[in-house]
Amino acid sequence: MTPAARLSAAIDVFADVAERRRPAADALKDWGLAHRFAGSSDRSAIASLVYDALRRRASAAWVMDEDSPRAILIGMLRLQHGLAAPTIAGLFSGERFAPAPLTERERERLETGSLVEAPPAVAGDVPDWVLPALTEVFGHDLMTELRALGRRAPLDIRVNTLKRDRDATLAGLAHLAPAPTPIAPQGLRIPLGEDGRGPALHVEPEFLEGWYEIQDEGSQLAALLCGARAGETVVDLCAGGGGKTLALAAAMENSGRIIASDDDPRRLAPIHERLRRSGAQAEIRTPRAGRARADVLADLDGTVDRVLVDAPCTGSGTWRRNPDAKWRLRPGSLEARVAEQAQVLDRAVRLLRPGGRLTYVTCSLLPQENDAAVSGLLGRFGDLHVLKARALVDEIVPLLAERVRFSGHGLQMSPARTGTDGFYVANLERRS
């Protein structure tokens, strides 16, 4: 496919996402099934165009003074890709498979459209109703953080120290030109291609042999800040695909007991193969089909050394990777997530032994899901206290201290400040 034909396809996919309010991944998959002639490089390029348009949806529409899929793609090419008006006009030639030629109005907007007077939510490409919450977190750094949140995310991996150290993995992956992550001690960063896509890491021999897992540096740091030690009993309460479970097993050197649990067995499905490949040891507990209300952890109540709660959340900290999610988010969704977080945190506390620790993690930038959730938990359980985040950072990963934002109860990572997804971490201890 020519670049212009890929652009036409991206406009069609973007229209599907906007009209049906569906995840971009689903729309892209359906397009690929209906256009089997498109090769993998074509599909990758189209996906990059769609995701970049979603990243700049509000600002591109403002610049073009129109919010149609076509207008947003045109504005994105200028704002995100930095293309000049003549170059964009060359792609919109109207020739075979190319989008129709630019109108006089579109040419004018490309030349004169500006974000100088755009409201912060538009210039920062976020829903306006979340702006007060983000302002509370970022303060004067708001626009810097919003711009970083609109860029493409890096591609990070975590070296599996149960099988290899970072130096050996660096050498084994030399053909991919990896570099150590700035903060996480076992992380490597893989360069992206011009289309913003990385190599197919899941087919590399080193991946199949369990040398590494694909995991954002922020997620790696969150797992480290759990502080799990060899010989302890640790519960990963919302384990999902198991990324942090595997990181905990490596930190504990497979010495101790890790229980990975999730209310939804479908989310846990990938963990079995990941455990086999990595050599990590963990018990898997999840309700059986038809027994969703069964408490599969009841026998552990009051005995666990550490509980990791990677809570269900809005995912606002991952908007670099999932830009369509921010436009689907509604206030009601946030309220539902806050209720779920309170429920899972209450369950986590009951697992702790006296002196046991709870690590609360979200991939959210919204204080309602972070410090406010911890405040609510402290109000419900009088025998909990918050551990000082700065002291834990200095002890576990001191390189993080100069970059991260410390909040009332924990810490907030962010794309501009730490170069990671927007993870929040707080640690609490149950009094003896």
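- Contact of the P178 side chain with the L170 side chain is registered, since non-hydrogen atoms from C-beta on lie closer than 4.5 Å.
- Side-chain contact check for T233 versus I259: some heavy-atom pair is nearer than 4.5 Å.
- In this structure, CZ on R109 lies 12.0 Å from CD1 on I74, to the nearest 0.5 angstrom.
- Remark: R405 engages E145 in a salt bridge, criterion side-chain N to carboxylate O under 4.0 Å.
- Using modelled atom types and a 3.5 Å distance limit, the side chains of Q80 and R56 yield a donor-acceptor pair.
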Intermediate values then yes/no, salt bridge (charged side-chain N to carboxylate O under 4.0 Å, His left out), R285 and D299:
CA-CA 12 Å; R285 296 195 188 184; D299 62 306; 2.7 Å; yes
Pair Q215, D156 - check side chain to side chain donor-acceptor pair (under 3.5 Å), show working.
CA-CA 6 Å; Q215 187 176 26; D156 298 335; over 6 Å; no
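- Applying the ring pair (Phe, Tyr, Trp, His ring centres under 6.0 Å) test to W327 and every residue at least two apart in sequence or in another chain returns nothing.
- Atom CG of L54 sits about 10.5 Å away from atom CG of N322, to the nearest 0.5 Å.
- Within 6.0 Å of atom CZ in R431, more than 12 heavy atoms from other residues, nucleotides or ligands are found, so the atom counts as buried in its surroundings.
- With hydrogens and angles left out, the side-chain atoms of S59 and D125 include a donor and acceptor closer than 3.5 Å.
- In plain terms, the two heavy atoms of A280 and A249 that are nearest each other are CB-CB, 3.6 Å.
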What do the steps show when you test D371 against Y424 for side chain to side chain donor-acceptor pair (under 3.5 Å), and what is the final call?
CA-CA 9 Å; D371 269 2; Y424 170 87; 2.5 Å; yes
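- With hydrogens and angles disregarded, a donor-acceptor distance shorter than 3.5 Å links the side chain of R166 to the backbone of G187.
- The two atoms that bring A27 and V13 nearest to each other are CB-CG1, 3.9 Å, heavy atoms only.
- Side-chain atoms of L308 and L358, non-hydrogen and from C-beta on, never get closer than 4.5 Å to each other.
- Annotation for G32 and R43: closest pair CA-CD, 4.3 Å, computed over non-hydrogen atoms.
- Between the side chains of E253 and S255, no donor-acceptor pair is found at a separation under 3.5 Å.
- R347 has no carboxylate O lying under 4.0 Å from a charged side-chain N of D263, or vice versa, which leaves the two without a salt bridge.
- Here the side chain of D262 pairs no donor or acceptor atom with the backbone of R267 at under 3.5 angstrom.
- Of the N and O atoms on the side chains of S44 and R197, at least one donor lies less than 3.5 Å from an acceptor on the other residue.
- For the residue pair T245/D236, the side-chain donor-acceptor check at 3.5 Å is satisfied.
- Cation-pi geometry between R152 and Y51 is not satisfied (NZ or CZ under 6.0 Å from the ring centre, within 45° of the ring normal).
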Apply side chain to side chain contact (heavy atoms under 4.5 Å, CB included) to the pair V386 and V374, showing each step before the final yes or no.
CA-CA 9 Å; V386 176; V374 175; 4.0 Å; yes
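- Side-chain contact, Q341 with E369: a donor N or O sits under 3.5 Å from an acceptor N or O.
- The structure places CG of D216 at 10.0 Å from CG of L155, a figure rounded to the nearest 0.5 Å.
- In this structure, R21 contributes its side chain and R328 its backbone to a donor-acceptor pair below 3.5 Å.
- Side-chain contact between L366 and L134 is present, with at least one heavy-atom pair separated by less than 4.5 Å.
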Stepwise side chain to side chain contact (heavy atoms under 4.5 Å, CB included) check, Y360 with D310
CA-CA 6 Å; Y360 177 59; D310 187 1; over 6 Å; no
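- R164 pairs by the side-chain contact (heavy atoms from CB on, under 4.5 Å) definition with A168, T169, W211, not counting sequence neighbours.
- The stretch residues 131-190 participates, sequence neighbours left out, in no ring pair (Phe, Tyr, Trp, His ring centres under 6.0 Å) pair at all.
- A salt bridge links D52 with R55; the closest basic N to acidic carboxylate O contact falls under 4.0 Å.
- For the pair E395 (side chain) and G227 (backbone), a donor-acceptor distance under 3.5 Å is absent.
- At a threshold of 4.5 Å between non-hydrogen side-chain atoms, the residues V397 and L221 count as touching.
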Going through the checks in order, is the side chain to side chain donor-acceptor pair (under 3.5 Å) test met by K326 and S316?
CA-CA 7 Å; K326 63 183 171 184; S316 54; over 6 Å; no
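- For R350 and D346, the salt-bridge test fails: no basic side-chain N is under 4.0 Å from an acidic carboxylate O.
- Comment: R70 does not engage D12 in a salt bridge, judged by the lack of any side-chain N to carboxylate O separation of less than 4.0 angstrom.
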One pair to check against side chain to side chain contact (heavy atoms under 4.5 Å, CB included): L248 and C226. What are the steps and the verdict?
CA-CA 8 Å; L248 292 171; C226 183; 4.0 Å; yes
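- When side chains are defined from C-beta on, L411 counts as touching V393, because their heavy atoms get closer than 4.5 Å.
- Shown here for A250 and N160, the closest heavy-atom pair between the two residues is CB-OD1, 4.3 Å.
- At least one donor-acceptor pair under 3.5 Å links the side chain of R321 to the backbone N or O of P154.
- Using a 4.5 Å heavy-atom threshold, the side chains of F423 and T418 count as separate.
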Show your working on salt bridge (charged side-chain N to carboxylate O under 4.0 Å, His left out) between R274 and E213 and close with a plain yes or no.
CA-CA 9 Å; R274 297 178 79 178; E213 288 289 330; 3.0 Å; yes
Take V304 and R257, measure what side chain to side chain contact (heavy atoms under 4.5 Å, CB included) needs, and give me the verdict at the end.
CA-CA 10 Å; V304 176; R257 185 185 183 194; over 6 Å; no
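- For the residue pair K163/S278, the side-chain donor-acceptor check at 3.5 Å is not satisfied.
- Put simply, the side chain of F14 does not reach to within 4.5 Å of the side chain of L49, judged on heavy atoms.
- Here the CG-OG1 distance, from L300 to T303, works out to 5.0 Å after rounding to the nearest 0.5 Å.
- Residues R306 and T359 have side chains that never bring a donor and an acceptor to within less than 3.5 angstrom of each other.
- D421 and T318 form no side-chain donor-acceptor contact under 3.5 Å, judged by distance and modelled atom types alone.
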Apply salt bridge (charged side-chain N to carboxylate O under 4.0 Å, His left out) to residues E217 and R189 and explain how you reach the verdict.
CA-CA 9 Å; E217 184 180 21; R189 184 156 292 169; 3.2 Å; yes
